[in-house]
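Per chain, numbering begins at 1; letters A, B, ... match sequence-line order.
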Amino acid sequence: MYALVDVNTFYASCETVFRPDLKGRPVVVLSNNDGCVISLNREAKALGFRMASPWFKIRPQLQQHNVAVFSSNYALYADLSRRVMETLEEMAPRVENYSIDEAFLDLSGVANCMPLKTFGHQVRNRLQKEVHLSVGVGIAPTKTLAKLANLAAKRWPQQTGGVVELTSPRHQRQLLHYLPVEEVWGVGGRLAKKLNLMGITNALQLAEAPTALIRKHFSVVMERTARELRGEPCLAFDEFPPTKQHILCSRSFSERVTDYMAMREAVSTYAARAAEKLRREHQYCREINTFIRTSPHDSRGAWYSNGASYTLQIPTQDTRDITAAALRCLDAIWRPDHRYMKAGVILGDFFSQGVAQLHLFDAFQPRHNSEKLMKVCDDLNKKARNTLWFAGQGIQQEWAMKREMLSPAWTTRIADLPRVRIS
DNA sequence: TCTGGGGTCCTAGGACCC
DNA sequence: TCTGGGGTCCTAGGACCC
């Protein structure tokens, strides 16, 4: 048996934890750059506001309804997420940290101690009391069913008390019959449309469709989803996250970038940040990819989107190598006279140590003392962000993202408070 | 009339998730 | 004026191998 625990309206809830004055008030959280809505609490949803609405379009209505609006504050969300996960780890034998606001629990053995539903309520009560966040709990024999049980717990909080146990086949069929197929985990808009054309509109019909038919029209992913709905586990429980295959750092700019030097600063900054993430994963990479693009919504000027990649001879984790490669890629794809909206750097082809395989006649040698130098940089920046950076990243960073309604870093150190630039 | 069989690796693109 | 960021997995097709 698995449980899926998921924090209700996570980002919006985090913003209210330290602001009791917001109780009962609608709250929304905006994406990076204060672009669009990415989290809304129950009150904001009840007013008819929707996910992904551009802020500039709904701003007047938000003001009119006295909605509290926040820029996203990832330092705060990550810290509250950590507290949730730590609490869950104390309660369940095994925990899979699935996303910033959800975890699967392996409930093996729990039923010997108490009814599973009781356990679900204990989890809920404890998180409410200790972390001041409200969660939904779904319990079922497969991950996909646990997801649906969780959905039901959140959709009918009054009737369910926030906990749904979906262990009996009869209850499973009832719920599946009720839910449209696009609500199933793994079925997105495109696949739902295709399923609907085949006459499969609810989750029960997908569960009962012949495997051969599903396999004929879809990939093995859909077959697994259908089997999971029938109660046959196909998705493994991953207690330890597998090592990443790619690391990406990208941002939209606060204003369109047209200047080559500004773009170099941005790409250098993302490369440095990606390198930092790489070192935190204790990996070395060989492939560096840079992409730049204009806005698809921009009616002025032609749309342009391009990327280039560079493969190093020797895997590296040194910011200097990664930045140099990222800038080489930029030079290959940079075209003047575009209004760029976004750029990013992707690292790939990872190795767990620097010198994986030296080329027989290789002129390239690993940099001397690279690891030590990078460690010094990381340690300094860990104490206080942006203590030390490479000159190429720039100082003014006019293109850096906008976060005009950022909440304070309630839970973390003073050093992490939003930095005020003194010029 | 009629031209093998069995693999690997890589990449681009499409789908999904939060 | 203004529309996020960071990931995963699978498949088809091409190049290449013996």
Side-chain angles (χ1 to χ4, degrees), chain A residues 4-11 28-39 50-60 62 70-74 77-78 81 96-104 143-144 147 150-151 181-195 215-225 234-236 238 241-256 258 270 273-274 277-278 281 287 289 291 293-301 303 305-307 309 311 339 341-350 401-404:
Chain A
L4 177 68
V5 180
D6 177 324
V7 183
N8 300 329
T9 68
F10 183 55
Y11 295 171
V28 307
V29 176
L30 303 178
S31 63
N32 274 338
N33 233 1
D34 296 339
C36 55
V37 173
I38 53 167
S39 181
R50 289 289 167 259
M51 199 78 151
S53 311
W55 180 48
F56 74 93
K57 281 190 183 169
I58 58 167
R59 199 171 171 177
L62 289 169
F70 291 94
S71 304
S72 30
N73 182 346
Y74 289 100
Y77 312 150
S81 172
E96 176 184 336
N97 186 332
Y98 175 68
S99 78
I100 192 161
D101 74 328
E102 322 172 41
F104 286 101
K143 284 179 156 185
T144 305
K147 270 277 199 184
N150 177 281
L151 184 82
V181 75
E182 60 264 31
E183 309 244 34
V184 174
W185 189 40
V187 179
R190 304 289 180 90
L191 295 176
K193 207 170 154 192
K194 202 168 153 188
L195 285 164
R215 201 60 184 87
K216 191 175 154 209
H217 295 281
F218 302 93
S219 77
V220 67
V221 180
M222 183 70 84
E223 181 185 335
R224 288 201 278 250
T225 298
C234 299
L235 302 174
D238 289 316
T243 52
K244 288 197 200 315
Q245 302 190 29
H246 298 280
I247 287 174
L248 166 67
C249 181
S250 75
R251 294 282 182 280
S252 296
F253 306 127
S254 56
E255 41 198 72
R256 300 290 181 252
T258 51
Y270 304 155
R273 181 80 189 96
K277 291 189 198 176
L278 181 72
E281 298 268 320
E287 193 191 296
N289 182 97
F291 67 85
R293 60 181 64 138
T294 61
S295 168
H297 306 286
D298 196 344
S299 50
R300 305 194 271 156
W303 179 73
S305 173
N306 206 350
S309 78
T311 304
R339 303 175 66 238
M341 173 206 67
K342 183 178 187 169
V345 172
I346 306 169
L347 309 181
D349 199 6
F350 293 164
M401 69 180 179
K402 238 181 345 194
R403 295 159 94 189
E404 285 171 355

**Report entry** Sequence-distant partners of A:Arg59, salt bridge (Lys or Arg N to Asp or Glu O under 4.0 Å), two or more places apart
**Finding:** none

**Report entry** Donor-acceptor under 3.5 Å (A:Asp34 side chain, A:Glu404 main chain)
**Finding:** yes

Report summary line: Rounded to the nearest 0.5 Å, the NZ atom of A:Lys143 sits from the CZ atom of A:Arg224 at a distance of 11.5 Å

Query raised in the report: Where do A:Tyr98 and A:Asp6 land on the side-chain contact (heavy atoms from CB on, under 4.5 Å) test, with the steps shown first?
Result: CA-CA 10 Å; A:Tyr98 175 68; A:Asp6 177 324; over 6 Å; no

Query raised in the report: For A:Ile247, which contact category applies under a 4.0 Å heavy-atom criterion: base, sugar-phosphate, or nothing?
Result: sugar-phosphate

Requested in this report: Step through the shown structure and confirm whether more than 12 heavy atoms of other residues, nucleotides or ligands are within 6.0 Å of CZ on A:Arg215.
Outcome: yes

Query - Check: A:Ser31 side chain, A:Cys36 main-chain N or O, donor-acceptor pair, under 3.5 Å - result: yes

Under 3.5 Å, N/O pairs linking protein and nucleotides 11-17 of chain B:
unit_1 : atom_1 : unit_2   : atom_2 : d
B:dA15 : OP2    : A:Arg190 : NH1    : 2.4
B:dC16 : OP1    : A:Gly188 : N      : 3.0
B:dC16 : OP1    : A:Gly188 : O      : 3.1
B:dC16 : OP1    : A:Gly189 : N      : 3.3
B:dC16 : OP1    : A:Arg190 : N      : 3.2
B:dC16 : OP1    : A:Leu191 : N      : 3.0
B:dC17 : OP1    : A:Gly186 : N      : 3.1
B:dC17 : O3'    : A:Trp185 : NE1    : 3.3

Heteroatom pairs (N/O) under 3.5 angstrom, protein to nucleotides 1-5 of chain C:
unit_1 : atom_1 : unit_2   : atom_2 : d
C:dT3  : OP1    : A:Arg256 : NH1    : 3.2
C:dT3  : OP1    : A:Arg256 : NH2    : 3.1
C:dG4  : O4'    : A:Ser31  : OG     : 3.0
C:dG5  : OP1    : A:Ser252 : N      : 2.4
C:dG5  : OP2    : A:Ser252 : N      : 3.4
C:dG5  : OP2    : A:Ser252 : OG     : 2.9
C:dG5  : OP2    : A:Lys342 : NZ     : 3.0
C:dG5  : O3'    : A:Arg251 : NH1    : 3.1

Query raised in the report: If we take the P atom in both C:dC18 and B:dT3, what is their distance in whole Å?
Result: 25 Å

Query raised in the report: If only atom types and distance count, is the side chain of A:Ser295 paired as donor or acceptor with the main-chain N or O of A:Met341 below 3.5 Å?
Result: no

Query raised in the report: Angle class for the A:Tyr11/A:Tyr77 ring planes (parallel below 30°, perpendicular above 60°, tilted otherwise)?
Result: parallel

Query raised in the report: Counting distance only, does the side-chain N/O of A:Asp101 pair as donor-acceptor with the main-chain N or O of A:Phe10 below 3.5 Å?
Result: no

Query raised in the report: Should the ring pair A:Tyr270 and A:Phe253 be called parallel, tilted or perpendicular, given that the plane angle runs from 0 to 90° and is split at 30 and 60?
Result: parallel

Query - Secondary-structure stems, DNA chain B, at least 3 Watson-Crick or G-U base pairs under 3.5 Å - result: B:5-18 with C:5-18

Using the 3.5 Å cut-off, write out each protein N or O paired with an N or O of nucleotides 8-10 of chain C and the distance between them.
unit_1 : atom_1 : unit_2   : atom_2 : d
C:dT8  : OP1    : A:Gln245 : N      : 3.1
C:dC9  : OP2    : A:Gln245 : NE2    : 3.1
C:dC10 : OP1    : A:Arg224 : NH2    : 2.6

Query raised in the report: How would you list, by chain and number, every residue that makes a ring-ring contact (aromatic ring centres under 6.0 Å, His included) with A:Phe218, sequence neighbours excluded?
Result: none

Requested in this report: Mark yes or no for whether A:Lys277, through its side chain, and A:Leu248, through its backbone, hold a donor-acceptor pair below 3.5 Å.
Outcome: yes

Query - Short side-chain to backbone donor-acceptor contact, A:Arg403 and A:Ser72, under 3.5 Å - result: yes

